[in-house]
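Heads up: the structure comes next, in structure tokens.
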Amino acid sequence: MMEINKKEESDISFRIRNIILAWGEKNMRNFPWRHTRDPYKILIAETMLHRTKASQVNHIYDSFIMKYPDIYAIVDTGPHALKNDLKSLGLSYRGDMLYRLAAQIIEKYDGNIPDNIEDLKSLPGMGDYASSAVMCSAYNSPAPFLDTNTVRIISRVYGIKPTDSSRRSKEFKMIMNSIIDSSDTRKLMFSMLDFGAIVCTHHTPECSVCGLNRDCIFYREMK
DNA sequence: CTCCGGTTTG
DNA sequence: CAAACTGGAG
């Protein structure tokens with residue numbers, strides 16, 4: 001009995017992984033912060049993406065990187081100018097946060113972005129999500145991260161009602177780990193984020209064209 | 001657990 | 001007009 005459940009569990013994870021990877025091959029979005037492995041540029045992107053739409057970040061990202069090409073440029077300009085350059089993204093504390101983040105990286109790590117989760121998480125503004133995202137995006141490290149998109153996909157397919165704390169829950173983390181398995185984490189995470197943003201959307205998801213619909217409890221209950 | 005914010009979306 | 005957006009801090 002136990003073994004059957006385990007097999008079914010891994011079978012669903014296997015299908016989610018392959019279906020989303022295949023979908024990503026054709027539909028993955030093409031943001032500038034995905035063309036680089038430079039941890040600095042990825043760090044900036046994650047800071048901007050904090051509770052903010054990717055399309056909004058896309059508007060200002062390139063010019064921001066042009067103006068602030070490295071971590072020292074952030075500190076040199078000071079919090080006030082940063083705040084102004086990030087204004088269109090909302091969350092007014094973001095400028096101060098980024099300044100403190102850059103200052104600590106220079107002070108504690110001689111200007112080098114840490115390449116491990118523990119050190120990243122110790123920095124201001126860097127939580128579970130952003131730290132794992134840097135690890136995954138810059139180093140292709142198998143660091144699972146749960147954001148609003150991946151939580152929504154998992155909650156629907158598995159029929160688990162999402163709560164405000166789902167992104168920190170052990171249950172969701174374990175499922176995410178089983179989906180990642182030993183795949184190309186970087187490619188899978190980007191595909192999954194985009195799948196959530198384009199197909200498995202919050203309002204009126206595109207269930208009719210979703211490759212996961214026959215596995216999805218949300219879809220089966222909707223019919 | 002609650003709050004944050006300009007912009008976008010329904 | 002309300003709710004959501006690749007979350008993190010207090």
Side-chain angles (χ1 to χ4, degrees), chain A residues 20 23-24 27-36 39 41-61 63-64 79 82-105 114 117-138 140-156 161-169 172-173 175-176 179-180 185-207:
Chain A
I20 288 186
W23 179 91
N27 303 291
M28 205 191 299
R29 290 183 294 183
N30 194 15
F31 297 118
W33 55 89
R34 292 184 178 178
H35 293 311
T36 180
K41 294 182 181 173
I42 295 166
L43 195 79
I44 294 298
E46 298 309 331
T47 304
M48 291 181 174
L49 286 162
H50 182 113
R51 222 173 135 72
T52 306
K53 275 179 157 43
S55 56
Q56 259 174 285
V57 172
N58 204 17
H59 285 137
I60 68 165
Y61 182 79
S63 57
F64 188 94
L82 273 180
K83 198 169 188 171
N84 197 42
D85 286 332
L86 297 171
K87 196 175 170 189
S88 69
L89 300 181
L91 293 179
S92 49
Y93 56 80
R94 197 181 329 227
D96 294 320
M97 190 100 89
L98 179 55
Y99 177 81
R100 293 195 294 122
L101 173 60
Q104 273 203 30
I105 290 174
I117 290 273
E118 294 74 22
D119 288 341
L120 283 170
K121 276 173 69 173
S122 74
L123 295 166
M126 298 295 291
D128 273 325
Y129 170 82
S131 302
S132 296
V134 169
M135 290 306 295
C136 174
S137 201
N140 202 16
S141 166
F145 53 86
L146 290 162
D147 71 305
T148 176
N149 289 301
T150 51
V151 163
R152 185 172 53 249
I153 295 169
I154 289 173
S155 73
R156 282 182 176 156
K161 191 176 173 63
T163 69
D164 201 38
S165 59
S166 292
R167 57 191 155 101
R168 309 181 211 281
S169 82
F172 275 75
K173 285 181 183 175
I175 294 175
M176 194 67 224
I179 294 173
I180 287 176
T185 309
R186 186 179 146 94
K187 189 190 289 183
L188 177 61
M189 289 314 303
F190 289 163
S191 300
M192 205 157 167
L193 286 170
D194 293 350
F195 191 83
I198 296 172
V199 179
C200 195
T201 54
H202 188 268
H203 294 292
T204 62
E206 307 277 351
C207 296

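Protein chains get the first letters and strands the later ones, always in sequence-line order, with residue 1 at the start of each. The analysis underlying the following values was restricted to heavy atoms, covering all of them including side chains, and did not include hydrogens, waters or symmetry mates. Bear in mind the structure is a predicted one, so any value in this text is a computation, not a measurement.
A residue-by-residue look at A:Pro124 and A:Ala197 shows that A:Ala197 has its nearest nucleotide of DNA chain C further toward the 5' end.
The nearest whole Å value for the distance from the NE2 atom in A:His202 to the P atom in B:dG10 is 12 Å. The nearest whole Å value for the distance from the CG atom in A:Asp96 to the P atom in C:dG10 is 12 Å. Protein atom CD of A:Glu46 is 9 Å distant from nucleotide atom P of C:dG8, rounded to whole Å. Look at CG on A:Leu123: it is 16 Å from C1' on C:dG7, rounded to the nearest Å. Distance CG (A:Leu193) to C1' (C:dG7): 13 Å, rounded to an integer number of Å. When the P atom of C:dG7 is taken as reference, atom CZ of A:Arg152 falls 10 Å away, rounded to whole Å. If you take CE of A:Met48 and C1' of C:dG7, they are 16 Å apart, rounded to a whole angstrom.
Take A:Phe190 and apply the ring pair (Phe, Tyr, Trp, His ring centres under 6.0 Å) test, not counting sequence neighbours, and it matches no residue. Residues meeting the ring pair (Phe, Tyr, Trp, His ring centres under 6.0 Å) test with A:Trp23, sequence neighbours left out: A:Phe195.
Closest non-hydrogen pair, A:Asn149 versus A:Ala197, comes out as OD1-N, 3.4 Å.
Using P as the reference atom, B:dT7 and C:dG8 are 23 Å apart when rounded to the nearest Å.
Of the residues in residues 141-149 of chain A, those placing a heavy atom less than 4.0 Å from an atom of DNA chain C are A:Asp147, A:Thr148, A:Asn149, in numerical order.
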Quick one: what's the B/S/- string for nucleotides 1-8 of chain B, heavy-atom cutoff under 4.0 Å, read 5' to 3'?
-B-BBBBS
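A:Ala133 comes within contact range of no nucleotide atom at all, as no heavy-atom separation falls under 4.0 Å. If you check every strand for non-hydrogen atoms under 4.0 Å, A:Arg34 touches a base. A:Phe31 comes within 4.0 angstrom of a base, heavy atoms only.
With respect to the salt-bridge test (charged N to carboxylate O, under 4.0 angstrom), the residues A:Lys121 and A:Asp128 qualify.
Applying the side chain to side chain donor-acceptor pair (under 3.5 Å) test to residues at least two apart or on different chains, the pairs with a partner in residues 84-100 of chain A are A:Thr52-A:Arg94, A:Lys67-A:Asp85, A:Tyr68-A:Asp85. For residues 191-202 of chain A, the pairs satisfying salt bridge (charged side-chain N to carboxylate O under 4.0 Å, His left out) are A:Arg29-A:Asp194, A:Arg34-A:Asp194, with sequence neighbours left out.
Annotation: side chain of A:Val199 is not in contact with side chain of A:Asn27 (no heavy-atom distance under 4.5 Å).
Atoms CG and CG, on A:Leu91 and A:Leu86 in that order, are 10.5 Å from each other to the nearest 0.5 Å.
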Would A:Lys53 and A:His59 count as a side-chain contact (heavy atoms from CB on, under 4.5 Å) here? Give the steps.
CA-CA 10 Å; A:Lys53 275 179 157 43; A:His59 285 137; over 6 Å; no
